[in-house]
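One structure is given here, and the rest of the page talks about it.
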Amino acid sequence: MVLVVVGFFALVAMKLFPMYTEFHNMKAAVNAYAAEPNSANKTTAQAWAELDRRFGIAYVESVERQDVKIERAAQGRGMQIKVAYEVRKPLMFNLDVVGKFEHVADLTGTGSGG
């Protein structure tokens with residue numbers, strides 16, 4: 001019985017670990033882009049092209065163009081990039097593991113983000 005429980009948690013961990021690794025890589029790529037000088041002055045198309053290139057290098061495959069929003073920050077603090085996406089992986093039978101991820105970074109050239 002103990003082996004069944006340990007096996008189940010090992011299976012769940014094997015499904016979750018790649019999802020969180022990809023999220024960490026996505027955050028690093030977005031923060032690196034946000035730290036670039038003049039990142040807030042680029043067009044949305046230029047920003048997406050640069051992020052897509054960085055995502056390819058970092059093996060971020062779950063983020064699509066519609067998951068990335070570049071918009072004005074609250075109280076006129078410049079621009080922000082918001083990435084919100086969902087990852088669904090089959091677990092067993094008709095059960096799925098679902099992860100919802102979100103990250104926001106200020107495009108000020110400082111690289112700060114949440």
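Positions are given from 1, in the same order as the sequence printed here. All values reported here derive from a predicted model rather than from experimental measurement.
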Test of understanding: clusters of I, L, V, M, F, W, Y form through side-chain heavy atoms closer than 4.5 Å, transitively. Do M92 and V98 belong to the same one? no

Quick check: do R65 and T44 have side-chain heavy atoms less than 4.5 Å from each other? yes

Cluster question for you: counting only ILVMFWY and a side-chain heavy-atom cut-off of under 4.5 Å, with indirect links fine, are L51 and I57 together? no

With a cut-off of 6.0 Å (strictly less than), are more than 12 heavy atoms of other residues, nucleotides or ligands near CG of L3? no

Are any side-chain N or O atoms of N31 and backbone N or O atoms of K27, one a donor and one an acceptor, separated by less than 3.5 Å? yes

Could you check whether any side-chain heavy atom of M19 comes within less than 4.5 Å of a side-chain heavy atom of L16, counting everything from C-beta outward? yes

Same cluster for F17 and L91 if Ile/Leu/Val/Met/Phe/Trp/Tyr side chains link at under 4.5 Å? no

Are E102 and K100 within salt-bridge range, i.e. N to O under 4.0 Å? no

Partners of N41 by side chain to side chain donor-acceptor pair (under 3.5 Å), sequence neighbours excluded? N38

Heavy-atom closest pair (S39 atom, A34 atom, distance to 0.1 Å) is OG-O, 3.3 Å

Same cluster (ILVMFWY, side-chain, under 4.5 Å), V4 and F9: no

Could you tell me whether a side-chain N or O of D67 sits under 3.5 Å from a main-chain N or O of E64, the two making a donor and an acceptor? yes

Show which residues join Y59 in its hydrophobic cluster (side-chain heavy-atom contacts under 4.5 Å, direct or indirect), or state none. none

Would you find a donor on one side and an acceptor on the other, under 3.5 Å apart, between the side chain of Q80 and the backbone of V104? no

Quick one: pull up CD in E22 and CD in E61 and give me the separation to the nearest 0.5 Å. 6.5 Å

Heavy atoms, side chains only, cut-off 4.5 Å: are V83 and F101 in contact? no

Closest non-hydrogen atom pair, A105 against H103: CB-NE2, 4.1 Å

Which heavy atom of N25 sits nearest to which heavy atom of A58, and what is that distance? ND2-O, 3.1 Å

Which label fits F23 and Y85: parallel for a plane angle under 30°, tilted from 30 to 60°, or perpendicular past 60°? tilted

Identify whether F93 and V97 are in the same connected component of the hydrophobic contact network (ILVMFWY, side-chain heavy atoms under 4.5 Å). yes

Give me each pair satisfying salt bridge (Lys or Arg N to Asp or Glu O under 4.0 Å) with a member in residues 37-51, each pair once, sequence neighbours excluded. E36-K42, E50-R53, E50-R54

Contact summary for V63 and F55, nearest pair of heavy atoms: CG1-CE1, 3.7 Å

On a heavy-atom basis, which atom in D96 and which in P90 lie closest, and how many Å separate them? OD1-CA, 3.4 Å

